[in-house]
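In what follows, a single structure is set out as structure tokens and then discussed.
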Amino acid sequence: MSATVSTNPWTRATENSGFLDYIDTTLRGCGQVIFMDNPLTGLLNFVAMFWGAYASGSSPAVAWGSLIATFVSTATAYALGVDLDKRKMGLYGYNGMLVGCGIPTFLAATPMMWGFLVVGAAASTVVMLAVANVFSTWKTPALTFPFVLTTWLVMLAAYAFPTLPITGLGHAALSHAPVVAHAAMGPVEVVRASLVSVAQVFFVNSPMAGFIFLVALVVESRWAAGLAFGGALIAVLCAMLFGADTGAIKDGLWGFSAVLTAVGVGCVFMNVGTKTLIYAGFATVVTVVVQAAMNVTLGTLGVPTFTFPFVLTAWLFLLAQRNFDSKTN
Amino acid sequence: MSATVSTNPWTRATENSGFLDYIDTTLRGCGQVIFMDNPLTGLLNFVAMFWGAYASGSSPAVAWGSLIATFVSTATAYALGVDLDKRKMGLYGYNGMLVGCGIPTFLAATPMMWGFLVVGAAASTVVMLAVANVFSTWKTPALTFPFVLTTWLVMLAAYAFPTLPITGLGHAALSHAPVVAHAAMGPVEVVRASLVSVAQVFFVNSPMAGFIFLVALVVESRWAAGLAFGGALIAVLCAMLFGADTGAIKDGLWGFSAVLTAVGVGCVFMNVGTKTLIYAGFATVVTVVVQAAMNVTLGTLGVPTFTFPFVLTAWLFLLAQRNFDSKTN
Amino acid sequence: MSATVSTNPWTRATENSGFLDYIDTTLRGCGQVIFMDNPLTGLLNFVAMFWGAYASGSSPAVAWGSLIATFVSTATAYALGVDLDKRKMGLYGYNGMLVGCGIPTFLAATPMMWGFLVVGAAASTVVMLAVANVFSTWKTPALTFPFVLTTWLVMLAAYAFPTLPITGLGHAALSHAPVVAHAAMGPVEVVRASLVSVAQVFFVNSPMAGFIFLVALVVESRWAAGLAFGGALIAVLCAMLFGADTGAIKDGLWGFSAVLTAVGVGCVFMNVGTKTLIYAGFATVVTVVVQAAMNVTLGTLGVPTFTFPFVLTAWLFLLAQRNFDSKTN
């Protein structure tokens with residue numbers, strides 16, 4: 001998470017070129033989606049996005065949207081003149097990137113959609129500044145809440161504006177006792193579902209893309225890569241145990257928030273160690289329960305949870321952790 | 001927003017009479033609905049309320065309710081013995097005034113309704129103190145959230161209490177893809193809809209009342225009046241562009257929150273200037289999107305958004321603004 | 001609320017035995033449900049729980065669940081190594097106790113339910129630490145919100161997991177104009193409904209259990225006992241006046257949050273006195289309105305309000321109170 005002083009050629013190049021510096025900041029913004037302040041992680045993430053779009057059948061608008069939105073949200077931070085250090089770490093890019101993935105996943109690729117994507121990406125930087133300001137009171141990060149809030153608002157607005165045709169949202173429905181399609185899953189399917197869960201952090205439904213995202217993590221931190229896969233695995237196994245819908249488990253929809261909880265609580269915002277591992281494991285299980293609760297709650301509005309189950313759970317576990325006896329950490 | 005030292009006759013009169021001082025505070029409370037710490041603005045606002053009620057066909061209960069509730073919420077602040085400076089500026093009156101407009105707009109004028117109006121106006125002062133306490137942490141104002149929360153609670157309670165017959169609330173409905181009545185609007189209709197949007201800040205559906213509210217603003221600040229009309233205009237044009245329901249645009253329902261965002265962000269809580277104007281313009285566009293999202297969300301509960309789209313958007317833009325490099329403002 | 005230095009035999013025994021100290025902390029956790037830092041109050045509360053379960057026909061799983069969950073949430077606080085003083089006062093037990101009452105009241109007593117009860121009780125301690133951290137900014141207590149949030153999440157998750165059969169939740173339904181079964185209630189029925197309201201703080205539907213809970217309060221504070229019954233009485237009378245469903249009034253469902261508001265605002269978190277009594281009385285009336293609003297809101301999700309009406313109202317009234325002129329209190 002910290003900006004490192006380096007003498008490698010890329011760093012020197014960015015110091016001598018405003019354009020390369022902007023590219024570097026944009027790539028770090030993409031890396032920060034999974035907490036990594038590393039331009040190579042960001043580059044590999046974009047590779048996985050385009051691999052998902054062109055090799056595995058998801059919409060190219062999602063990949064292009066993520067690229068455009070990361071540029072726009074980063075540019076907004078430049079225009080507003082916000083804190084230079086945080087800006088260069090990519091902290092004003094990752095929410096925009098996710099807004100750019102989310103909007104084309106659920107709305108038709110019309111000119112109006114692209115307009116909302118640009119406005120939403122710019123707005124996500126304002127929301128990031130606001131949420132970070134509030135949570136700085138408790139020395140707690142904004143996480144992906146600016147993305148979640150911004151994209152919820154656009155999804156909900158699409159139900160009021162006929163110029164934004166909805167393609168990917170389910171029908172709003174009241175909660176009712178579950179009648180779930182429950183089928184057995186073997187070890188290979190469990191591993192596959194875990195890889196897809198990693199990819200779904202970026203709205204991509206592809207185990208190969210999930211693998212590339214893990215490689216992108218290894219570039220900066222093996223702990224992060226291990227926790228990402230481990231978090232996905234725990235979430236898939238819990239969802240199976242609790243009887244969740246098997247199709248959704250295979251699509252990675254029960255694991256993407258858990259991936260972020262495991263990495264965030266397990267090694268980014270707390271010190272690595274046995275006690276932290278147990279704590280992060282517990283947080284990962286709780287994330288699956290929160291995912292279920294949010295699926296039901298937001299299902300009545302006809303919008304997805306996005307990564308809010310991660311945001312809520314990680315906030316609770318990080319806010320709580322500040323009360324512990326410091327010696328026990 | 002600041003209490004000015006003045007030697008005009010009214011100020012001297014209020015200094016020599018507890019009764020006139022109380023009237024002055026109540027009038028300022030009415031002025032603060034649109035951020036003006038000016039008793040003449042408040043008086044003209046009341047004139048517009050009664051004009052709307054008796055000359056343009058809306059319910060007299062709305063005008064009388066606004067008057068009674070401003071007195072009650074101001075009196076509650078006296079009884080609780082809160083901070084004298086803020087009290088005299090009318091900061092414990094504007095939420096009550098809006099509670100007094102909102103309740104009779106949607107509930108039948110029974111004795112029980114008047115009881116809830118008085119209790120709600122008194123409670124709005126307690127809510128104001130609580131919300132202001134929380135948001136003082138970030139040096140951010142409570143805006144009209146105390147009114148919004150109090151009136152939401154009364155509206156929702158009306159669905160549980162048969163003694164509070166509902167007259168003006170739509171049926172609760174799940175969100176669904178929009179089928180919107182979309183018709184062309186000419187320049188005259190756009191200006192008319194913008195004036196009605198200004199009036200709808202006070203729950204009045206009348207272009208003439210909107211004009212009087214603008215005159216009331218000019219008394220204290222030409223910037224505020226210009227931004228109020230400009231914000232309404234932007235909102236009406238955006239709503240047309242996004243394909244919102246034409247009837248609702250003409251009724252001012254897409255513009256009233258945008259009016260408050262434009263004035264609040266554009267000249268009350270930030271320094272006037274080119275950059276602030278661009279920032280406030282962006283906030284006004286975002287308010288229209290938030291208005292759409294809140295229409296859909298609160299439609300599932302069968303209650304109006306009130307000015308919550310303004311509150312949410314202005315909070316985000318004001319909380320964000322504290323993070324900028326001060327030189328860039 | 002403060003840990004008292006005492007020379008009574010029980011206190012000496014707990015100082016010499018880790019096991020008895022743990023029992024003492026668990027009992028205080030049960031007492032803190034109704035704000036009492038007193039192991040005898042906690043013991044009598046458990047007596048009333050089991051009386052309700054075995055003598056008055058409610059489910060034994062509720063009583064056993066409350067006992068197990070209080071132990072688990074207290075043990076979690078030990079494992080995390082949190083602040084010793086607050087832990088010994090039982091502040092990490094009362095939310096767990098309520099989670100342990102709430103889950104078996106609405107879900108079938110399957111092994112999976114007991115698993116969720118244990119996980120929920122442990123999680124409630126994490127949520128308590130997080131919420132207390134946030135609200136310490138305003139020197140305001142977490143109240144029962146950690147219980148409410150944790151149990152809402154489990155209830156909502158049960159709509160997604162077929163392994164958690166729902167037994168006690170109503171059907172999710174959109175709000176609509178009330179058609180309420182309204183019947184007359186005599187003085188004896190009013191007193192009975194008030195006693196049941198006290199018992200419903202602990203999910204018990206029994207006037208005799210309510211009486212035992214009041215006796216448990218008298219052990220520590222006569223003011224608290226008087227305010228608990230008085231708050232219940234005000235709530236029952238208000239609910240009758242507003243035309244609420246008579247069956248629900250008799251079942252204590254309109255009074256349990258008001259009981260906590262009256263005690264919390266009236267004597268625990270504010271100084272006892274005439275002005276505080278009036279303020280707490282007003283807060284109690286407001287709680288009934290908030291109860292109605294939350295019944296409607298959460299009815300669309302098919303989950304109960306739990307004590308959220310108390311939490312919201314007491315937060316507002318306590319956050320507001322810090323703004324008064326201190327001489328007037």
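The chains referred to below are lettered A, B, ... by the order of the sequence lines, with proteins before strands, and numbering in each begins at 1. Hydrogens, waters and symmetry mates play no part in the numbers below; they use all other heavy atoms, side chains included.
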Could you tell me which portion of B/Val303 (side chain, backbone, both or neither) has an atom closer than 4.5 angstrom to a non-hydrogen atom of chain C?
-> neither

Do B/Thr307 and B/Thr144 have side-chain atoms, one donor and one acceptor, less than 3.5 Å apart?
-> yes

Pair C/Thr261-C/Thr287, side-chain donor/acceptor within less than 3.5 Å = yes

Pairing of B/Arg87 and B/Asp83 as salt bridge, 4.0 angstrom limit = no

Inter-residue atom distance B/Thr305.OG1 - B/Leu312.CG, 0.5 Å rounding | 11.5 Å

Report the distance from atom CG of C/Leu260 to atom OG of C/Ser197, rounding to the nearest 0.5 Å.
-> 11.0 Å

What part of B/Leu149 is in contact with chain C, defined as an atom under 4.5 angstrom from a non-hydrogen atom: side chain, backbone, both or neither?
-> side chain

Where on C/Thr137 is there a heavy atom nearer than 4.5 Å to chain B: the side chain, the backbone, both, or neither?
-> side chain

So, do B/Tyr78 and B/Tyr22 have ring centers that fall under 6.0 Å from each other?
-> yes

Interchain contact, B/Ala173 with chain C, by part (heavy-atom threshold 4.5 Å) = backbone

In terms of heavy-atom pairs under 4.5 Å with chain C, the winner among B/Val154, B/Leu174, B/Val134 is B/Val134

Could you tell me how the ring of C/Phe35 sits relative to the ring of C/Phe269: parallel (under 30°), tilted (30 to 60°) or perpendicular (over 60°)?
-> perpendicular

Picking from C/Val288, C/Thr297, C/Thr140, which has the most non-hydrogen pairs under 4.5 angstrom with chain B?
-> C/Thr297

Under 3.5 Å: donor-acceptor pair, side chain of B/Ser73, backbone of B/Thr125 | no

Can you name the residues of residues 94-112 of chain B that have some heavy atom under 4.5 Å away from a heavy atom in chain C?
-> B/Met112

Between B/Lys88 and B/Asp24, does at least one N-O distance fall below 4.0 Å, as a salt bridge requires?
-> no

Heavy-atom contact with chain B under 4.5 Å, split by part of C/Leu241 = both

